Amino acid sequence: DAFKDYLVAAGRFGGIPRVWVMTLNTDSGSEADSSDTNMEIETCTQLTFDEDAYDVGVSVNYNYDTDRLVLYYDSMTTPLQSLEVSMSEPDNKEARNVLKAKNVPGYIKADYDCERITVTSRDGKTEIPVSIVYRRDVMEKHLSAGGETLPVHLIGYGSYGASSEADFSATRLTLLNRGIVHAVAHVRGGGEMGRQWYEEPNGAKYLCKENTFNDFVDVAKWLTEDKKLTTPKQLSIEGRSAGGLLIGASINQAPEQFGVAILGVPFVDVACTMVDSSIPLTTGEWEEWGNPNEEKYFEYILGYSPMNNVKEGAKYPSCLLTGGLHDPRVQFWEPAKMTAELRYKHDKDTSGPVCLKMDMTAGHFSASDRYKYLKELSFDYAFLLDQLGLADVEPSASK
């Protein structure tokens with residue numbers, strides 16, 4: 001954004017959205033040639049915040065001649081707010097003013113905490129950012145002398161260069177209040193760490209797509225083996241659409257690593273869908289996955305497509321797959337086929353149940369009715385809590 005005496009830039013650094021305020025030094029020429037104006041940047045300041053991970057950006061600013069800047073800001077523990085910042089004193093946090101904040105009834109921020117850590121991938125050099133949020137009293141159980149393990153719900157996406165931000169979710173509180181630690185794995189394929197996090201050769205597109213799945217499994221193993229925060233039985237995972245592909249490929253790669261998996265409208269029959277150009281959106285998707293009518297892409301996609309890589313006789317986690325009959329992006333038969341494949345091949349004595357929920361009126365983004373959306377989310381959470389053995393746990397109330 002441009003102001004009379006300032007420029008404001010928004011971008012990313014270290015995997016987190018950032019805002020920079022630049023003070024301009026405008027040196028006008030002579031009156032005879034007033035159009036000859038030299039503009040120089042005198043100072044450039046990156047705005048800093050107290051929390052490790054957050055989402056911030058430039059909001060609507062109509063006033064050109066001002067030193068006040070309005071941002072939107074939230075984090076995993078701070079509900080969305082409009083924040084006014086002094087551009088003349090960008091480092092002065094005392095001069096910042098919250099204009100408006102989302103009201104979350106019963107929520108007390110002091111009861112929760114969040115942190116940002118990195119996990120080294122299996123290649124030994126890539127650092128995968130992970131955002132974690134939890135109740136303070138729950139984490140104290142793990143940090144105490146006994147080192148009690150905790151249920152962890154790990155989510156991810158990692159496609160199309162889309163970034164998963166460390167933002168606030170009121171609906172997530174019901175999990176946190178039942179003792180679950182919530183984690184977001186910012187795996188390759190997203191855009192958190194810049195374009196190279198997405199593109200070949202070291203990102204996760206085309207012929208290096210498997211980096212997405214490897215990163216997610218590496219984060220899961222770090223949580224159970226290195227951090228010892230949880231156990232495979234207590235570790236649940238979730239992803240939607242291309243995130244459902246991530247979950248499907250991850251449980252195929254390491255089925256014993258997870259206790260529960262939720263695959264929402266999952267893109268799991270990649271090879272068949274990408275070969276069939278008569279399906280809507282397929283040809284456009286070749287820009288993301290590659291065109292499997294070319295042998296090199298076909299063989300590579302076939303190597304990770306969840307539908308084609310279910311391990312026979314393996315112990316799989318409890319799985320819930322959802323779909324919508326009118327979904328134009330991921331057709332209903334993809335979760336239906338994956339459900340049948342899992343039920344047929346997994347070890348029926350040791351694996352968890354495999355459930356399919358098909359909404360006969362919904363599309364790709366579930367219900368547009370907010371109350372039906374909450375009912376759908378409640379169903380997912382009910383399955384999750386039941387399979388984790390937490391269905392009878394009463395949520396902790398903030399004091």
Side-chain angles (χ1 to χ4, degrees), residues 1-26 39-118 127 129-137 139-140 143 163-170 172-173 176 182-184 186 191-194 398-399:
D1 280 21
F3 298 87
K4 181 181 177 181
D5 298 312
Y6 305 95
L7 286 178
V8 177
R12 306 188 73 87
F13 182 76
I16 298 174
R18 312 281 186 176
V19 174
W20 292 265
V21 174
M22 291 163 276
T23 304
L24 300 178
N25 180 11
T26 304
M39 185 180 296
E40 296 180 352
I41 296 176
E42 193 172 72
T43 62
C44 181
T45 305
Q46 177 184 297
L47 299 183
T48 59
F49 302 90
D50 294 332
E51 294 167 300
D52 290 341
Y54 51 82
D55 184 20
V56 66
V58 181
S59 187
V60 177
N61 291 271
Y62 292 113
N63 194 347
Y64 174 70
D65 187 4
T66 182
D67 70 343
R68 311 301 292 179
L69 171 69
V70 179
L71 309 171
Y72 66 82
Y73 175 89
D74 67 335
S75 73
M76 300 184 92
T77 58
T78 302
L80 183 64
Q81 57 185 219
S82 292
L83 184 65
E84 187 181 56
V85 175
S86 170
M87 290 188 283
S88 61
E89 299 178 286
D91 284 330
N92 187 359
K93 296 180 182 179
E94 297 297 325
R96 297 179 183 180
N97 180 34
V98 177
L99 301 176
K100 185 177 181 181
K102 182 178 181 180
N103 180 38
V104 181
Y107 176 70
I108 298 178
K109 180 180 176 179
D111 291 342
Y112 305 85
D113 201 1
C114 63
E115 57 186 270
R116 180 85 154 205
I117 54 94
T118 59
E127 295 295 322
V130 181
S131 300
I132 303 175
V133 61
Y134 48 82
R135 282 186 64 98
R136 292 178 185 268
D137 55 354
M139 187 57 70
E140 285 175 2
L143 298 176
S163 299
S164 299
E165 307 297 2
D167 50 15
F168 187 84
S169 171
R172 185 169 57 210
L173 295 175
L176 301 182
H182 194 279
V184 182
H186 305 280
E192 291 89 344
M193 302 297 289
S398 294
K399 298 178 181 179

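Being a predicted model, the structure only gives us computed values, none of them experimental.
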Distance (rounded to the nearest 0.5 Å) between [X] [atom1] and [Y] [atom2]:
X	Y	atom1	atom2	result
Asp137	Tyr112	CG	OH	8.5 Å
Tyr134	Met139	OH	CE	5.0 Å
Met22	Thr43	CE	OG1	9.5 Å
Asp113	Arg135	CG	CZ	12.0 Å
Ile41	Leu24	CD1	CG	6.5 Å
Ile16	Phe49	CD1	CZ	11.0 Å

Please find the pair of heavy atoms, one from [X] and one from [Y], that lie closest to each other, and give the distance.
X	Y	value
Cys114	Ala53	SG-O, 4.5 Å
Tyr54	Pro17	CE1-O, 3.4 Å
Ala110	Arg136	O-NE, 2.9 Å
Gly15	Arg12	O-NH2, 3.0 Å
Val104	Leu173	CG1-CD1, 4.0 Å

- Message: Once side-chain contact (heavy atoms from CB on, under 4.5 Å) is applied, do any residues pair with Thr45, and if so which ones, sequence neighbours excluded?
- Response: Pro90, Asp91
- Task: Using the test side-chain contact (heavy atoms from CB on, under 4.5 Å), find all partners of Thr118 that sit at least two apart in sequence or belong to another chain.
- Result: Glu127
- Message: Salt bridge check, Lys102 against Asp74: does any charged N sit closer than 4.0 Å to a carboxylate O?
- Response: no
Side chain proximity check, [X] to [Y], heavy atoms < 4.5 angstrom:
X	Y	value
Ser169	His182	no
Val56	Leu47	no
Asp67	Glu89	no
Val133	Thr77	yes
Arg116	Met76	no
Val85	Val19	no

- Message: More than 12 heavy atoms of other residues, nucleotides or ligands under 6.0 Å from CG of Asn92: yes or no?
- Response: yes
- Message: I'd like to know whether Val60 forms a side chain to side chain contact (heavy atoms under 4.5 Å, CB included) with Val70, so could you lay out the CA-CA distance, the side-chain angles of the two residues, the decisive distance to 0.1 Å, and finally the verdict.
- Response: CA-CA 7 Å; Val60 177; Val70 179; over 6 Å; no
- Residues in ring pair (Phe, Tyr, Trp, His ring centres under 6.0 Å) contact with Phe168, at least two apart in sequence or another chain: Tyr107
- Donor-acceptor pair, side chain of Asn25 and main chain of Glu40, under 3.5 angstrom: no
- Task: Kindly say whether Ser163 contributes a backbone atom to a donor-acceptor pair with the side chain of His186 at under 3.5 angstrom?
- Result: no
- Message: For residues 51-64, which residue pairs pass the salt bridge (Lys or Arg N to Asp or Glu O under 4.0 Å) check, not counting sequence neighbours?
- Response: Glu51-Lys109
- Task: List in chain and number order the residues that pass side chain to side chain donor-acceptor pair (under 3.5 Å) with Glu84, two or more places apart in sequence or in another chain; answer none if no residue qualifies.
- Result: Arg68
Pairs of donor and acceptor atoms involving the side chains of residues 1-8, under 3.5 Å and at least two apart or interchain, shall be tabulated with distances.
none

